2 protein chains.
Amino acid sequence: MTMHSTGGRRKPPTIHDVAREAGVSRGTVSRVLNGGHYVSPAAQEAVNAAIRRTGYVVNRHARSLITGRSDSIGFLLTEPQERFFEDPNFNVLLSGCTQALATHDIPLLLMLAGTRDERRRITRYITAGHVDGVLLVSSHSGDPVAEELRAAGVPLVQCGKPMGLSSKVSYVAADDRDGARDMVRHLLSLGRRRIGMVSGPLDTPGGVDRLAGYKEVLTESGVEIDERLIVSGDYSRASGEAGTERLLAQAPDMDALFVASDLMAQGALAALRRAGRRVPEDVSVGGFDDSSAATEATPALTTIRQPYDRISAEMVRLLLAQIGGEDPAAMILPTELVKRRST
Amino acid sequence: MTMHSTGGRRKPPTIHDVAREAGVSRGTVSRVLNGGHYVSPAAQEAVNAAIRRTGYVVNRHARSLITGRSDSIGFLLTEPQERFFEDPNFNVLLSGCTQALATHDIPLLLMLAGTRDERRRITRYITAGHVDGVLLVSSHSGDPVAEELRAAGVPLVQCGKPMGLSSKVSYVAADDRDGARDMVRHLLSLGRRRIGMVSGPLDTPGGVDRLAGYKEVLTESGVEIDERLIVSGDYSRASGEAGTERLLAQAPDMDALFVASDLMAQGALAALRRAGRRVPEDVSVGGFDDSSAATEATPALTTIRQPYDRISAEMVRLLLAQIGGEDPAAMILPTELVKRRST
DNA sequence: CATGCTTCTGTGAGCGTTCACAGTAGAGAA
DNA sequence: TTCTCTACTGTGAACGCTCACAGAAGCATG
């Protein structure tokens with residue numbers, strides 16, 4: 001009887017041990033391990049039994065050495081630390097990607113590139129082929145890291161629409177424009193007409209599209225667009241707070257506020273409370289994302305739900321397809337209006 | 001002139017190419033790569049130049065195959081997803097560990113084991129030797145994963161004091177008891193005497209120790225301990241809210257509240273606001289952690305700062321030491337009282 | 001001169017896989 | 001029968017690195 005898997009830091013069994021145990025050759029074991037094509041049912045069974053008995057687990061390094069693949073992928077975040085700390089969206093995305101990859105038995109390497117030095121180091125690491133592909137989360141516009149990786153031919157899928165749109169860019173995004181339209185229509189349906197907006201950064205497509213949706217619906221509804229009702233932030237809580245203060249000063253008659261992220265909306269709520277405006281009585285507030293920030297806010301935020309679970313799943317699917325040789329592809333997923341107490 | 005590193009997904013240079021380029025043997029290049037002992041300055045220089053010229057990056061798989069090390073470590077979180085989504089502490093820790101490892105050029109694998117199946121899969125992955133060690137974050141008491149890894153001889157460092165205290169357990173924790181003492185002393189110094197507490201889960205040392213500190217200081221100060229002033233939560237925001245409601249019902253004369261985590265304190269503030277209690281006028285509120293939740297709260301929370309940056313740095317240091325053959329070691333770091341508007 | 005020591009260098013072997021290829025057995029067609 | 005085709009199996013040769021060892025060179029010591 002052979003050694004079982006439990007305990008012991010001794011030499012783990014190799015494919016050779018399994019082959020001997022099963023009475024077949026290395027090649028056959030390898031074939032079973034990789035899909036079982038051209039293997040007789042009898043051999044198949046014998047090998048599986050031997051694997052179970054010996055507690056064999058493939059040595060990924062040996063495999064990678066010959067296949068050239070690393071069978072691991074990187075999750076790259078090119079945002080400053082502080083953003084990572086405060087924004088729950090990253091966690092949802094990170095968790096979703098980790099789990100989607102887990103079903104393929106692919107480990108995820110976390111890469112945080114907040115500073116210039118980190119970016120350099122990580123780019124080097126990736127282009128050296130230590131990961132097969134990269135899931136990139138970045139709200140920056142023409143992120144130099146993305147360009148560099150693309151130039152190096154590294155399979156890459158971005159979260160959110162990238163700026164350049166240079167045809168062969170793979171990305172998954174929620175339908176920002178449509179989501180914004182839904183929210184503004186909702187605010188209009190409540191009878192609000194002086195609807196303010198704290199948009200996202202306008203050097204990102206996400207920021208631009210949500211603002212565009214806002215303007216479109218107002219125009220379609222015959223409501224005049226007042227630039228004093230529009231400011232932009234950077235998705236951080238603090239910028240939502242500051243932006244709302246500016247709006248209150250510029251347009252004191254504001255009766256609704258569409259904020260381009262839940263986190264910024266939290267800041268907006270704080271600013272409104274300080275200014276003595278009641279939500280939703282005086283001002284209806286709508287957010288975007290449906291992150292945990294939305295339910296935690298007081299009052300709970302009406303918001304536009306981004307389907308993060310589907311986004312992460314699709315990112316992984318597109319990346320694996322791209323690694324498998326398919327062309328880069330883009331995907332835009334529908335959003336959903338979630339009504340809560342703030343409107 | 002040889003090919004430069006930029007661009008191209010063609011065969012990357014090997015140690016052999018570098019050797020030829022530098023006019024030395026593979027062995028010498030390898031020695032330079034691994035610390036440069038027993039290498040003449042001239043050879044050293046030639047090799048480094050060749051590495052720069054060829055853009056050589058070591059193939060980690062080939063290295064790992066022979067050394068038996070993977071040169072990567074796992075960050076394992078055995079908490080349910082929801083906790084990961086809402087608690088900013090995880091991000092701070094995760095980010096800190098990633099960066100501490102980056103200085104050693106060691107990638108971090110993210111492992112989320114919220115469910116039973118995931119735990120099984122991940123345990124198997126780890127014991128197969130795919131990582132050299134594990135940084136474990138878990139608030140559970142006798143976490144079975146921890147025991148299993150320990151039994152398998154996997155180097156392991158936990159964040160927070162583990163329950164069993166079975167001598168040979170490596171961990172890094174903040175001084176929970178001392179931090180709690182500071183906070184309660186602070187509340188007493190404000191003249192408060194009916195001090196409530198929402199503790200952490202009492203099957204975790206962290207939860208127990210903070211409660212112990214609270215009771216100690218009260219006793220030392222001659223303030224009677226009233227069990228109606230004590231409830232326990234699970235560190236989630238919702239449990240802080242529910243716990244505070246219970247306290248308000250049981251002890252309406254409460255004039256201060258010590259909550260064992262900032263996230264729970266956010267919930268507590270919501271409950272107090274709903275009950276019409278002003279903070280800090282009617283009730284002084286103190287949190288624990290000094291996470292981003294503390295500054296985001298309204299009013300900003302007085303809290304006990306856990307030195308997360310040092311905690312993550314020490315976790316990594318202890319883990320690498322343990323991988324290097326040293327004995328497991330424990331480390332308790334001091335906390336600090338941070339005064340803000342809530343007291 | 002031989003001997004030993006230290007510092008440095010090159011070489012073969014081997015880590016555990018996969019892959020290409022060669023080969024065997026059995027079924028069906030000519 | 002013989003040939004061809006398909007289904008399956010085994011075998012060497014890599015993959016790119018490190019490690020152990022052997023050897024060379026330089027220098028001091030006997």
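Keep in mind it's a predicted model, so treat the numbers as computed, not measured. Order of the sequence lines fixes the chain letters, A, B, ..., with proteins taken first and strands second; residue numbering starts at 1 for each chain. For the numbers below, each heavy atom of this structure counts, side chains included, while hydrogens, waters and symmetry mates do not.
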### Task
Name the orientation class of the two ring planes belonging to B:His61 and A:His130 (parallel below 30°, tilted from 30 to 60°, perpendicular beyond 60°).
perpendicular
### Task
Return yes if a side-chain donor-acceptor contact under 3.5 Å exists between A:Thr54 and A:Asp17, otherwise no.
no
### Query
Counting side-chain heavy atoms from CB outward, which of C:dT9, C:dT17, D:dT18 is closest to B:Tyr38?
C:dT9
#### Entry: Closest listed nucleotide, where the reference is the side chain of B:Arg31 and the choices are D:dT18, C:dG10, D:dT9
C:dG10
#### Entry: Candidates D:dC17, D:dT9, C:dG16 - which lies nearest the side chain of B:Leu65
C:dG16
### Residue A:Ile66, side-chain atoms from C-beta onward, closest of C:dT9, D:dC15, D:dG16
D:dC15
### Task
Check A:Leu109 against A:Tyr125 and note the closest heavy-atom contact, atom names and distance.
CD2-OH, 3.6 Å
### Summary
A:Gln44 atom CD is separated from D:dC8 atom P, nearest whole Å, by 10 Å
#### Entry: A:His16 NE2 - C:dC15 P separation (whole Å)
10 Å
#### Entry: Whole angstrom value for the distance that separates P of C:dG14 from NZ of A:Lys11
12 Å
### Message
Please confirm whether the shortest side-chain N or O distance from B:Ser30 to OP1 or OP2 of D:dC19 is below 4.0 Å.
### Response
no
### Message
Looking at A:Asp105 and A:Arg60, is there a salt bridge between them, counting it only when a charged N and a carboxylate O are closer than 4.0 Å?
### Response
yes
### Selected nucleotide, minimal atom distance to A:Arg63 side chain, candidates D:dG16, C:dT7, C:dT18
C:dT18
### Message
Under a 4.0 Å threshold between the charged nitrogen and the carboxylate oxygen, would B:Arg121 count as salt-bridged to B:Glu118?
### Response
no
### Task
Give the rounded distance in Å between these two atoms: CG of A:Asn59 and P of D:dG16.
16 Å
### Task
Consider the side chain of A:Leu33, meaning its heavy atoms from C-beta on, and name the nucleotide among D:dC17, C:dG16, C:dT18 that approaches it most closely.
C:dT18
### Query
Between B:Asp17 (CG) and D:dC17 (C1'), how many Å, whole number?
13 Å
#### Entry: 5′-ward residue of the pair A:Arg26/A:Val39 relative to DNA chain D
A:Val39
### Task
Mind calculating the distance between CZ (A:Arg69) and P (C:dT18) to the nearest angstrom?
9 Å
### Query
Expressed in angstrom and rounded to an integer, what is the separation of B:Arg20 atom CZ from D:dG16 atom P?
13 Å
### Summary
The nucleotide from C:dG16, D:dC17, D:dG10 with an atom nearest the side chain of B:Thr14 is D:dC17
### Task
Quickly work out the A:Asn34 CG to C:dA20 C1' distance and round it to whole Å.
15 Å
### Task
Using only side-chain N and O atoms of B:Ser40, determine if any of them is under 4.0 Å from OP1 or OP2 of C:dT9.
yes
### Summary
By nearest-nucleotide position on DNA chain C, the 5'-leaning member of A:Thr67 and B:Gly27 is B:Gly27
